Amino acid sequence: MGFFKFIFLLSLLWSFYSLGSSQLQASQAQVLLQLKKHLEYPKQLESWFDHKTSFCYLQPSPSMNITCFSNSVTELNIFGDKSSEKARSFQGFAVPNVTLSERFSIESFVTTLSRLKSLRVLTLSSLGIWGHLPEKLHRLTSLEYLDLSDNFLFGSVPPKLSSMVKLETFRFDHNFFNGTLPSWFDSFANLKVLSFESNKLFGELHSSLLSLSTIEYIDLRSNSLSGSLPYDLKCGSKLWFVDISDNKLTGNVPRCLSSKQVRVNGNCLSLEKQQHPVSFCVKEVRAEEHAEAEAEAEAANRPGQRGWKKGALVGLIIGVSMAALVLLCGVFILLRRKGVTKRQMSHKTVQDSRPSIGFSSEILSNARYISETSKFGTEDLPVCRQFTLEEIVQATKNFDKTAILGESSLYGAVSFMTSCVFSPSNSKTLLVIFQLYKGTLENGTKVAIRCLPSSKKYSIRNLKLRLDLLAKLRHPNLVCLLGHCIDCGGKDDYSVEKVFLIYEYIPNGNFQSCLSDDSWGKAMNWSERLTVLTGVAKAVHYLHTGVIPGFFSNRLKTNNVLLNQHRFAKLSDYGLSIVSEATRHNTEIAKSWQMSRLEDDVYSFGLILLQAIVGPSVSAREEAFLRDELASLESEEGRRRMVNPTVQATCRNGSLIRVIALMNKCVSPESLSRPSFEDILWNLQYASQLQAEDGDQY
């Protein structure tokens, strides 16, 4: 009987393991493959082979990026090469070699897309998508960022999109929307960015849009909006950019816009320069209204229209009848199987009511502190395990000095200078310096080994619980923790002398070494820097939100951002606050881990942004720079003088200005004014898009 219990428990544990280690739900992978088919197999998706593809771990590129969270796709960004700017006009039908083919069905495409229920960020740009935007897009209720720019969408914006209350960014630039500008944007409680640049929208520009409390950025240039705005309009407090140029607006510019970055050229406003006469706008608006009325009349009188309506009515009646018949058959089958279902449910209830035999209270307690997000990134990464002290000694050749990763090493200088005593089995005492070591495991794997001091205050059990939490951190942009080793000094089983953390070895230097023009390797251009910065932001966002209660104070520095052979960013020295209490007797370590009010992760990331813009030389005078020179970056002359030459030669001005504005927010003296890492990610992705729109050169 005991043998069968053992088999049952083993099967149960295996099922938990299978569920916890899955990379992506099979249904989600199938959806991605169907989307590739709908988009007619674009070259940007060549890496999407089949259902065995590790979609969550595909190398990000300027044309495609996928992010997963708890076994679901949360971010999907695809940038194609079918720009709407290639078409001088668009009549609502497929254009060979410009749009997707006439076989493309936007209804089917959006139906498939809406199955990605956890999607929070969606960019589908320059993919040749054409047609009326279906209202079923509103099924993506978790969406916060929506970018369908540079396609061939036309008609009106579906009113049902107003139910997507989590949306913060709404970008439909360079399409062919020809309805009125929606008046329901005030239903978005979190709307920050609204952009309909270069469409054919007409009608009134609603003043309530500029008064939204959350709105920051509005771009409505190159449409046919008309009417006037109240001069005494009260703008939203966060609004900083408005572009309403090249429309048909009349009257005065609202007084509240005088302190904003505003573009109003090409209207009929009461300004002296770069405006048309009022008569021009009135004439244009009347001509457009007349053309719209004629188009509606032609559509109503089109041959076959009435016959089509009758046919649709007959089809609807037949469809309802068939549905009712199917429903009756289903009810009949359900009643036949009712007895079996009751017995099955009764059996399941008995099973579910059994106590969780075989799981200790320690495991259950630990599980309550780990959120579902801790599963993220576990696929294809080595399992974290406990190493023996003998393995550590062998890997470092008895902590040989040649194994120390010194100041010139990729891991940077290490300030741990307290002695670390090791007592091997032969009772010889070996003096080891608190450094970071490079080692080689028995199977040939290169590793980096960090030694941390501990305290008698913490028992082995307590420390193991903390290390188990640290081991749960798995993300593509984090240096992988392979395991740990607890050294008791050979005294007893209750006190800890030191802890060794064993990480994967990253052999290609750090971010700081690639920022200066005289670096050992080729200095990174602006696009490459944005990619690294985005990777670091993703890692820290995961650390803040992926584990309860969260990992903060992650020692963010440019020399802690390591780069693999593909220059893919991996953050090191993260999450050490979980074991920092065990090392508070060391003043220098405690000071670096217990950051002051200003030195939180957002502030530290702002300093990384500063070095990415100006260069690593600023690190020696960061405080003086922030106090005396930071404001100069807002002027073109100041940027020419201070921005790194490689950045100046390879960046787009709009992208650079966006990152400078983000950096200013991150280093704000008021911590409450600093953005979250979710906001940081959005701004970096937006800056990358601005950079990619016109290439890497000025």
Side-chain angles (χ1 to χ4, degrees), residues 84-85 90 125 133 145-159 161-162 167-188 191-231 233-236 238-271 274-276 280-282 284-285 288-289 292 654 658 686 689-690 693:
S84 60
E85 296 181 0
F90 178 65
S125 180
L133 185 64
Y145 181 98
L146 176 61
D147 184 351
L148 300 179
S149 58
D150 209 8
N151 283 294
F152 297 83
L153 302 173
F154 62 95
S156 300
V157 182
L161 298 192
S162 61
L167 266 181
E168 296 181 7
T169 299
F170 206 100
R171 293 182 60 89
F172 282 180
D173 302 335
H174 297 283
N175 277 284
F176 295 86
F177 287 105
N178 52 2
T180 58
L181 181 68
S183 59
W184 37 258
F185 285 117
D186 54 359
S187 63
F188 295 130
L191 187 63
K192 296 179 180 178
V193 175
L194 178 68
S195 189
F196 275 91
E197 176 198 345
S198 298
N199 277 270
K200 299 180 181 299
L201 297 172
F202 64 91
E204 181 182 354
L205 171 56
H206 305 284
S207 58
S208 59
L209 179 60
L210 283 73
S211 302
L212 294 177
S213 60
T214 58
I215 197 72
E216 299 178 8
Y217 182 101
I218 299 175
D219 190 349
L220 300 172
R221 59 183 159 174
S222 301
N223 281 279
S224 296
L225 301 175
S226 57
S228 59
L229 295 170
Y231 179 69
L233 175 68
K234 185 177 181 180
C235 295
K238 296 182 179 180
L239 184 63
W240 64 273
F241 179 88
V242 177
D243 191 342
I244 50 176
S245 56
D246 297 320
N247 279 281
K248 308 294 185 296
L249 299 171
T250 58
N252 295 312
V253 177
R255 180 171 48 193
C256 65
L257 293 180
S258 60
S259 59
K260 316 292 183 184
Q261 186 175 340
V262 181
R263 297 173 184 173
V264 296
N265 300 339
N267 284 283
C268 300
L269 298 168
S270 300
L271 299 174
Q274 297 180 321
Q275 298 293 316
H276 298 291
F280 170 83
C281 289
V282 172
E284 288 288 313
V285 170
E288 289 171 358
E289 290 176 348
E292 183 69 18
R658 190 70 183 182
Y686 182 48
Q689 183 174 342
L690 292 176
E693 283 178 354

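From a predicted model like this one, the values you see are computed outputs, not experimental measurements. Computation of the quantities below employed the complete heavy-atom set of this structure, encompassing side-chain atoms and omitting hydrogens, waters and symmetry-equivalent molecules.
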Derivation and outcome, side chain to side chain contact (heavy atoms under 4.5 Å, CB included), residues Phe188 and Glu168: CA-CA 8 Å; Phe188 295 130; Glu168 296 181 7; over 6 Å; no

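- With values rounded to the nearest 0.5 angstrom, Lys200 atom NZ is found 10.5 Å from Ser222 atom OG.
- Aromatic ring centres of Phe154 and Phe152 lie farther apart than the 6.0 Å criterion allows.
- For the atom pair CG (Asn223) and NZ (Lys248), the distance works out to 9.0 Å, reported to the nearest 0.5 Å.
- The main-chain N or O of Phe172 is found under 3.5 Å from a side-chain atom of Asn199 such that the two form a donor-acceptor pair.
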CA sep, side-chain torsions, deciding dist, call: His206, Phe185, side chain to side chain contact (heavy atoms under 4.5 Å, CB included): CA-CA 10 Å; His206 305 284; Phe185 285 117; over 6 Å; no

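- The CZ atom of Phe202 sits 14.5 Å away from the CD atom of Glu284 when rounded to the nearest 0.5 Å.
- Here the OH atom belonging to Tyr217 is positioned 10.5 Å from the CG atom belonging to Leu194, to the nearest 0.5 angstrom.
- Pairing each heavy atom of Cys235 with each of Leu257, the nearest pair is SG-CD2, 3.7 Å.
- The backbone N or O of His174 sits less than 3.5 Å from a side-chain atom of Ser84, completing a donor-acceptor pair.
- For Asp246, there are no salt bridge (Lys or Arg N to Asp or Glu O under 4.0 Å) partners two or more places apart in sequence or in a different chain.
- Closest non-hydrogen pair, Gly251 versus Ser228, comes out as CA-CB, 4.3 Å.
- Taking all atoms of both residues into account, the shortest heavy-atom contact from Trp184 to Leu161 is CH2-CB, 4.0 Å.
- Between Phe170 and Leu167, the closest heavy-atom pair is CD1-CD1, 3.5 Å.
- Side-chain contact between Gln689 and Ser149 is present, with at least one heavy-atom pair separated by less than 4.5 Å.
- Rounded to the nearest 0.5 Å, atoms CG (Leu201) and OG (Ser226) are 11.5 Å apart.
- Judged purely by atom type and a 3.5 angstrom limit, Asp243 has no side-chain atom pairing as donor or acceptor with the backbone of Arg221.
- Heavy atoms only, all atoms of each residue included: Pro158 and Leu133 are closest at CG-O, 3.1 Å.
- Of the charged side-chain nitrogens involved, none lies within less than 4.0 Å of a carboxylate oxygen, so that Lys238 and Glu216 do not count as a salt-bridged pair.
- For the pair Asn175 and Leu153, the tightest heavy-atom approach, listed with the atom from each and the gap, is OD1-N, 3.1 Å.
- Although no hydrogens or angles enter the test, the distance criterion places a donor-acceptor pair under 3.5 Å between the side chain of Ser211 and the main chain of Lys234.
- Taken to the nearest 0.5 Å, the CD1 atom of Ile244 stands 7.0 Å off from the CG atom of Leu210.
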Step-by-step side chain to side chain contact (heavy atoms under 4.5 Å, CB included) determination, Asp147 to Asp173: CA-CA 8 Å; Asp147 184 351; Asp173 302 335; over 6 Å; no

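- Put simply, the side chain of Thr250 never gets that close to the backbone of Cys268: no donor and acceptor are under 3.5 Å apart.
- For Thr214 (side chain) and Lys192 (main-chain N/O), no donor-acceptor pair under 3.5 Å exists by modelled atom type.
- Around NZ of Lys260, the count of heavy atoms belonging to other residues, nucleotides or ligands within 6.0 Å exceeds 12.
- With hydrogens and angles disregarded, no donor-acceptor distance shorter than 3.5 Å links the side chain of Gln274 to the backbone of Val264.
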Working for side chain to side chain contact (heavy atoms under 4.5 Å, CB included), residues Phe196 and Val157: CA-CA 11 Å; Phe196 275 91; Val157 182; 3.9 Å; yes

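- Of the possible donor and acceptor atoms, none in the side chain of Asn247 sits under 3.5 Å from a partner among the backbone N and O of Asn267.
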